[in-house]
2 protein chains.
Amino acid sequence: MLQTIAWTGSAARLIDQTKLPTEVVYVDITDEKQMWDAIKRLVVRGAPAIGVAAAFGVYLGVRDFPEIDSKAFLTRVDEVCAYLATSRPTAVNLFWALDRMKAHARNMWGANPQRMPDTQVIPDIKDELLYEAKTMLAEDTAVCKAIGEHGMALIRQICGERKEYGVLTHCNAGSLCAVTYGTALAPIYYGAEQGVKFHVFADETRPLLQGARITAFELQASGIPVTVICDNMAATVMSQGKVCAVIVGTDRVAANGDVANKIGTLGVAILARHYDIPFFVAAPTSSIDPAIATGKQIPIEERDPREISHGLGRQTVADGTAIYNPAFDVTPAELVTALITEKGVLRPPYGEAIRKVLP
Amino acid sequence: MLQTIAWTGSAARLIDQTKLPTEVVYVDITDEKQMWDAIKRLVVRGAPAIGVAAAFGVYLGVRDFPEIDSKAFLTRVDEVCAYLATSRPTAVNLFWALDRMKAHARNMWGANPQRMPDTQVIPDIKDELLYEAKTMLAEDTAVCKAIGEHGMALIRQICGERKEYGVLTHCNAGSLCAVTYGTALAPIYYGAEQGVKFHVFADETRPLLQGARITAFELQASGIPVTVICDNMAATVMSQGKVCAVIVGTDRVAANGDVANKIGTLGVAILARHYDIPFFVAAPTSSIDPAIATGKQIPIEERDPREISHGLGRQTVADGTAIYNPAFDVTPAELVTALITEKGVLRPPYGEAIRKVLP
């Protein structure tokens, strides 16, 4: 299983995802500018991974700051966070991580900025910021692993005595979107560690092909059999009995269990229902938004039509033709067999199940 | 509406489909070698279009043959047909058209090859072969137009009072796969001629993108509003109420009404059923194969995985990763709301309806 982010002792080591799937290149990030660039250029992507990467970026940005002025140091922390925040302004996890790092630094000084501690404490604060980034890395790993454990138990119930568990997934919610394990692929990695044999069917996931480029790559690299299909082949694969469960990730879950995820997820859910195949959504509780009553309130971002017409190096749609490119769709809760969280498996009715599991 | 094949008086004029959708180039084919090349290179594609193009190829291949030896002329007809047959050895319509041209030439001589007519008849035979090719062109146009008429009446019943008829289609079964009109798009072209306002949603149709490259292009060129979507966006478009009917073409219909068509059709049919949208298949009676009892007997061709991994100018799947690339899928008859043939609309139970309409 690939490790998207690791601390080497002196640098944050990232897999350069812009080079996938044809090259596997690791880059050691040693300052905040390199981290900004890595997030901006999608060297690292996926909400959980971006958050953890940014946290290391904060530490790297203050590591070499002179330890002579407490106030200047605190200002530096804020500046580095503000700078990193501009790398990917739509990534919610990025802000969450930066806020957490800022709060951590401030807490060490106490609430009153007049009560600046001795400059001798600055090295400790630096250590603390590194420790906090490592904690976030460990927390993400633990959440994903717990999803893997709960999900694997569920899939075992469903796929039972089959010699090989055929699972279909859409887009990438694997180790490369988190620190490791991922969400949708966590049960597969966890199960594989226990000796369960899987065969994953990965939708290529137009327009940006995260399934073909990333999901297939990471499973292949981890020795898990995977077959890439075009999105429009999922029905055929299901009709052939090759799949006993579908598992996908999510960007956001509404309070009623409606699920926003990469465009195409809704179609897969409908096909799964038609073929009576369970449709599971791996959803860390951090992705559940109780402030959103139903999926209808989730705005659907429309992206650049050129992702469709010019996305892969060759123009495939004539100039001037209308193109619709929604980035996400919303799968209604009634099509979701279960939500797999790090705190356990949630079943319908989701409103109630979600209220119980959220703090 | 585009005319895929036309006779100029001295040449067969084709739209060069290899240049679409970025350039519209017409080529005048004046001999059989050029026609062989045009079929081979997919300058002309689509079963009906290939058949008609090949028929003109036969005429062009004998047009300038010396009119001095009846037997040599007949041999020449056979040679040209055998040669053209190698241009696309899997295209059933190609053989059908060549056989028809050969039979036409032979009929003029009578069944007994010993009874060769006078060489003076050769010019008449040449004229007859051109006439036969033109007849095939006219027949194809008439069949497609009749499908358009029947289909339009059906769609009008369904979409009723809507100001704009939203129709979703998959792959290309439009004017560019036939002489003109096409099959799935025929009702739309026919309706547009009567002043009906359409908005077509064209699935891009991975892996070869015939929807994006060809369907969207030909509708746009004919002034019919069209929006290209990725295959995995069809569910979203349907969920938004933008589509009142789905209409697709077919490669082959079994005796029970099961429909083989471009990969992805099955998924669209399931989504349409989920959203209670009628799913129509435009099927010239020539595509109905009464020798095939059900769709289970239709072999599914698997194509080169590189169409998926390297199809668009950039490698999108890592080397060594398994890829499944079925060219077609089979939609069971129970998901088909109606078959639209040139002889009228067939409704379930299809076994009976098909028996009535076939000779």
Side-chain angles (χ1 to χ4, degrees), chain A residues 20-22 170 201-207 209 212-213 216-217 219-221 225-237 239 262-271 273-275 300 305 308-309 311-326 328-330 332, chain B residues 20-22 170 201-207 209 212-213 216-217 219-221 225-237 239 262-271 273-275 300 305 308-309 311-326 328-330 332:
Chain A
L20 299 179
T22 45
H170 188 75
F201 291 88
D203 281 355
E204 64 171 1
T205 317
R206 281 284 282 155
L209 300 166
R213 293 188 297 108
F217 168 79
L219 289 167
Q220 174 94 343
V226 57
T227 297
V228 174
I229 57 173
C230 294
D231 302 299
N232 64 23
M233 297 166 187
T236 292
V237 168
S239 75
K262 182 63 61 205
I263 187 73
T265 303
L266 169 61
V268 172
I270 294 168
L271 299 179
R273 171 62 50 94
H274 181 81
Y275 288 108
I300 300 300
I308 296 180
S309 60
L312 294 159
R314 227 178 78 189
Q315 182 173 352
T316 54
V317 181
D319 291 335
T321 307
I323 293 171
Y324 179 48
N325 186 18
F328 304 101
D329 57 28
V330 174
Chain B
L20 300 178
T22 44
H170 188 74
F201 291 88
D203 280 355
E204 64 170 2
T205 317
R206 280 285 282 156
L209 301 167
R213 293 188 296 109
F217 168 79
L219 289 167
Q220 174 94 344
V226 57
T227 297
V228 174
I229 56 173
C230 293
D231 301 299
N232 66 21
M233 297 166 187
T236 292
V237 169
S239 76
K262 182 64 61 206
I263 188 71
T265 304
L266 169 61
V268 173
I270 294 168
L271 299 180
R273 172 61 50 96
H274 181 82
Y275 287 109
I300 299 300
I308 297 179
S309 60
L312 295 159
R314 227 178 79 186
Q315 182 174 353
T316 54
V317 181
D319 291 335
T321 307
I323 293 171
Y324 178 48
N325 186 17
F328 303 101
D329 57 28
V330 175

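So that the names make sense, note that chain A is the first sequence line, chain B the second, and so on, each numbered from 1. Atom set for the values below is all heavy atoms of this structure, side chains included, hydrogens, waters and symmetry mates excluded.
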Testing the basics here: between [X] and [Y], what is the closest heavy-atom pair and its distance to 0.1 Å?
X: B:Val317; Y: A:Pro21; result: C-CG, 3.8 Å
X: A:Gln220; Y: B:Gly320; result: NE2-O, 3.0 Å
X: A:Ala216; Y: B:Thr321; result: CB-CG2, 4.0 Å

Between the side chain of B:Asn232 and the main-chain N/O of A:Gly267, is any donor-acceptor distance below 3.5 Å? no
List the steps, then state whether side-chain contact (heavy atoms from CB on, under 4.5 Å) holds for B:Leu209 with A:Arg314. CA-CA 12 Å; B:Leu209 301 167; A:Arg314 227 178 78 189; over 6 Å; no
Does any backbone or side-chain atom of [X] lie under 4.5 Å from a heavy atom of chain A? Answer side chain, backbone, both or neither.
X: B:Thr236; value: both
X: B:Val237; value: side chain
X: B:Ser239; value: side chain
X: B:Asp231; value: side chain
X: B:Asp319; value: backbone
X: B:Tyr275; value: side chain

Nearest-0.5 Å distance, CD1 of residue B:Ile270 to NE2 of residue A:His274: 4.0 Å
Distance (rounded to the nearest 0.5 Å) between A:Arg206 CZ and B:Arg206 CZ: 6.0 Å
Highest number of heavy-atom pairs under 4.5 Å with chain B: which of A:Asn325, A:Asp329, A:Ile308? A:Ile308
Between chain B and each of A:Thr316, A:Ile229, A:Asp203, A:Val330, count heavy-atom pairs under 4.5 Å; write down the option with the most. A:Thr316
